[in-house]
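Values reported hereafter were calculated over all heavy atoms of this structure, with side chains retained and with hydrogens, waters and symmetry mates removed.
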Amino acid sequence: MRRFFLTLLLALTVTAGYACTNLIVTKGASTDGSVMVTYAADSYTRYGTLVHYPAAKHRAGEMRTILQWGQDHYLGQIPEAPYTYNVIGNMNEHQLVIGETTWGGRPELRDPQGIVDYGSLEYICLQRCTKAREAIELFVALANEYGYASSGESLSFADTEEAWILEVIGKKPDVVDGVNRNKGIVWVAVRIPDGYISAHANCARITTFPKDDPANCIFAPDVISHAREIGIYEGSDEDFSFADTYCPLSFSLMRSCEGRVWSFFNRWGDVDMSQYLDFVMADNPSNRMPLYVKPRAKLAVTDLAEMMRDHYEGTPFDMTKDVGAGGNETPYRWKDNDWTVDGVRYSNARPICTQQTGFWFVAQCRGWLPDEIGGLFWFAVDDAGTSALTPVYSASRAVSWHYALGNGSMVEYSPTSMFWLNNRIAQLAYLRYNPIGIEVQSKIRMHENEMLVRVADCDVRALATKSLKKRLKLLTDFSVAEADALFEKWNRLDKYLLVKYMDGTVKQQNEDGSFKTNGSVDYIPVSPAWPGYTEKFKRAIVHDNGDILKVR
């Protein structure tokens, strides 16, 4: 009963918390030799902005205030570093990138006195480190020194040469006279071999791990002994599984979380993922998927962008195929994901692409270029399925106002905010996904392909600019200008979609995209098309109410 209760709490923690997705591609698995990491910050309270921490020097004795990431609760202060690097979003000017997904884990492993939460640690590491392994070591050191104020996390750390997954959870507190004598974390980090891809999505994924390979695996010295001390593990060191011990599996973790990893591996892995269907269906918890796989082909930035828009298309979980998709094949399901009919519980699929995304990115670490040019942060706000990425060089010294912190909020509409503009377009697309969502995705692909060409041109111009100051200005101007231009383009798209698809119709168009008129005047259209509903939806209506609706 106790184990069931803990598992239920874990499932609730994941459902209620931030549900995010990270995809990882090593340089040997990418088409251009870049290391890539994606991240979707999914939350119903997350407002999508592009944060910018300028490089800075700090006085001796200067303190940094820690506010819990995403909540802004005051946690405490720690000493500031003498110098901090320029950070754009989750990537710094040295091409270090960090992403995360929360899995919660055992609820008793939470330090009530912790000062540093996972989000603050991410940005501290980005401001102070240049390499992935260095950032992992700093993350661990700060969590141990000041106390870890979060629950279980999987984190992606990548630079121009390698990518790691760090999994971490707090130790069980031992509070005596108001002081936690057992602060800190237990953790393990595994390097993804070059030429492989990996992913994590709100479920710990590192099971057993090598104890004698520090080049590829590092871990807390007490990661196993602490589990024994608190009574959650009794086996041998060789059989110890971090994930199974600190993040015991539940239906939700297998279906809603590991299912997203399965979808990535299924589309891109050089392995038959049907053998793991019983695992993601939660029928066979022992049949865990591997931490990483070889890809069947090398991946480009656009491939990862498309994967971040995945709704399980073409799989048994395809969200456009059941009657829940409605009459217009929408791949979205509104919460609550879990529901009961006649005493039987059901659960909607939870895909990589979801409506509650605050922001998302595809980060590119391009080691063959100087750091200020090589770090490319493809960024978007709101749902990946209806938002376009804009390229931002991670050495940029400014960000577009349309993406900036302070321009609107989740409870304050702003007509100049890209987050609100993308939400306007998404809300329309959700109503009639085919054809509106399909057309939006076509516009997105056209834009992103155009950006690839423009980035290549900017790379060349930046390399030809010898002055570092002028080079940084060029890269900053490009990043801001392209983001501004996308906002204006999407403003026009918003108005165009409203005109074209009003009242359930589709206005007819000429080859040049203009709307067909009645031939007498240029402001009255010809009769529009009525695409109606899918055949499956119509049959469902007949099954539900056919006797009343039948024509007599």
Side-chain angles (χ1 to χ4, degrees), residues 27 32-37 39 49-59 80-99 122-132 134-135 157-161 301 359 361-381 389-407 418 448 450-488:
K27 67 177 186 177
D32 62 1
S34 61
V35 177
M36 295 185 286
V37 173
Y39 174 51
T49 62
L50 179 57
V51 298
H52 176 216
Y53 297 97
K57 294 181 179 179
H58 303 278
R59 300 184 306 273
E80 188 56 273
Y83 182 83
T84 51
Y85 301 120
N86 188 76
V87 177
I88 294 289
N90 288 56
M91 191 177 197
N92 74 13
E93 60 185 314
H94 295 286
Q95 305 197 61
L96 171 66
V97 58
I98 304 176
E122 286 183 77
Y123 293 104
I124 291 170
C125 290
L126 286 168
Q127 289 179 281
R128 300 184 183 187
C129 302
T130 62
K131 297 296 181 183
E134 175 193 4
F157 290 79
D159 55 36
T160 58
E161 296 300 316
V301 167
F359 67 84
F361 65 74
V362 180
Q364 236 185 322
C365 309
R366 304 182 297 170
W368 65 92
L369 291 167
D371 281 344
E372 66 274 10
I373 304 175
L376 199 54
F377 194 69
W378 297 86
F379 184 77
V381 289
L389 292 165
T390 191
V392 185
Y393 286 91
S394 62
S396 296
R397 269 32 187 180
V399 299
S400 165
W401 170 243
H402 301 300
Y403 293 81
L405 186 66
N407 186 3
M418 192 65 175
E448 290 174 355
E450 178 186 343
M451 288 303 101
L452 290 172
V453 175
R454 294 182 67 82
V455 164
D457 175 70
C458 187
D459 287 347
V460 172
R461 289 187 288 121
L463 282 170
T465 304
K466 302 306 178 184
S467 164
L468 179 59
K469 182 178 180 180
K470 291 182 179 179
R471 178 180 285 181
L472 290 174
K473 184 179 186 306
L474 185 155
L475 297 172
T476 301
D477 290 348
F478 173 88
S479 300
V480 173
E482 292 302 337
D484 288 348
L486 177 58
F487 179 82
E488 295 305 324

**Q** Between atom SG of Cys458 and atom CG of Leu474, what is the distance when rounded to the nearest 0.5 Å?
**A** 5.0 Å

**Q** Please name the pair of heavy atoms, one in Val97 and one in Ala363, separated by the smallest distance, quoted to 0.1 Å.
**A**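 Smallest heavy-atom distance, with atoms named: CG2-CB, 3.5 Å.
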
**Q** Looking at every heavy atom in both Arg366 and Thr160, which two are closest together, and how far apart are they?
**A**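 Here Arg366 and Thr160 meet closest at C-CG2, 4.4 Å.
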
**Q** Answer yes or no: is there a donor N or O on one side and an acceptor on the other, between the side chain of Ser34 and the main chain of Met36, under 3.5 Å?
**A** no

**Q** Got a donor-acceptor contact below 3.5 angstrom from the Asp159 side chain to the Leu96 backbone?
**A**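 Judged by distance alone, no pair lies under 3.5 Å.
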
**Q** Is the shortest side-chain N to carboxylate O distance from Glu80 to Lys57 below 4.0 Å?
**A**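 Salt bridge absent between Glu80 and Lys57.
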
**Q** So does Gln127 get a backbone contact from the side chain of Thr84, meaning a donor-acceptor N/O pair under 3.5 Å?
**A** no

**Q** Provide the closest heavy-atom pair for Phe478 versus Arg461 in the form atom of the first, atom of the second, distance.
**A**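 In terms of heavy atoms, the two residues are closest at CD1-NH2, 4.2 Å.
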
**Q** Looking only at the side chains, is there a donor atom on one of His94 and Asn86 sitting less than 3.5 Å from an acceptor on the other?
**A** no

**Q** Kindly determine whether Leu50 and Ile88 satisfy side chain to side chain contact (heavy atoms under 4.5 Å, CB included), including the steps that lead there.
**A** CA-CA 7 Å; Leu50 179 57; Ile88 294 289; 3.9 Å; yes

**Q** Determine, for Glu372 against Arg397, whether the closest basic-nitrogen to carboxylate-oxygen distance falls under 4.0 angstrom.
**A** no

**Q** Check Gly33 against Trp368 and note the closest heavy-atom contact, atom names and distance.
**A** C-CZ3, 3.7 Å

**Q** Which value, rounded to the nearest 0.5 Å, describes the distance between Cys365 atom SG and Glu161 atom CD?
**A**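 One finds 10.0 Å between SG of Cys365 and CD of Glu161.
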
**Q** Once rounded to the nearest 0.5 Å, what's the spacing between atom OG of Ser394 and atom CG of Asp371?
**A** 8.0 Å

**Q** Over all heavy atoms of both residues, which pair between Thr476 and Ser396 is shortest? Give the atoms and the distance, please.
**A**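 Thr476 and Ser396 have their closest heavy atoms at OG1-CA, 3.4 Å.
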
**Q** Rounded to the nearest 0.5 Å, how far does CZ of Arg471 lie from OH of Tyr393?
**A**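 Taking OH in Tyr393 and CZ in Arg471, the distance rounds to 11.0 Å.
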
**Q** Does the pair Phe377 and Asn90 meet the rule for a side chain to side chain contact (heavy atoms under 4.5 Å, CB included), with working shown?
**A** CA-CA 8 Å; Phe377 194 69; Asn90 288 56; 4.3 Å; yes

**Q** Checking Tyr123 against Ile98 for the side chain to side chain contact (heavy atoms under 4.5 Å, CB included) test, could you report, in this order, the C-alpha distance in whole Å, the side-chain angles of both residues, the deciding distance, and whether it holds?
**A** CA-CA 8 Å; Tyr123 293 104; Ile98 304 176; over 6 Å; no

**Q** Is the backbone N or O of Gln95 less than 3.5 Å from a side-chain atom of Asn92, with the two atoms forming a donor-acceptor pair by type?
**A** yes

**Q** Check step by step if side chain to side chain contact (heavy atoms under 4.5 Å, CB included) holds for Tyr53 and Leu126.
**A** CA-CA 10 Å; Tyr53 297 97; Leu126 286 168; over 6 Å; no

**Q** Output yes when a side-chain donor or acceptor of Glu448 lies under 3.5 Å from a complementary backbone atom of Leu389, and no otherwise.
**A** yes

**Q** Please check if the number of heavy atoms outside Lys473 that lie under 6.0 Å from its NZ is greater than 12.
**A** no

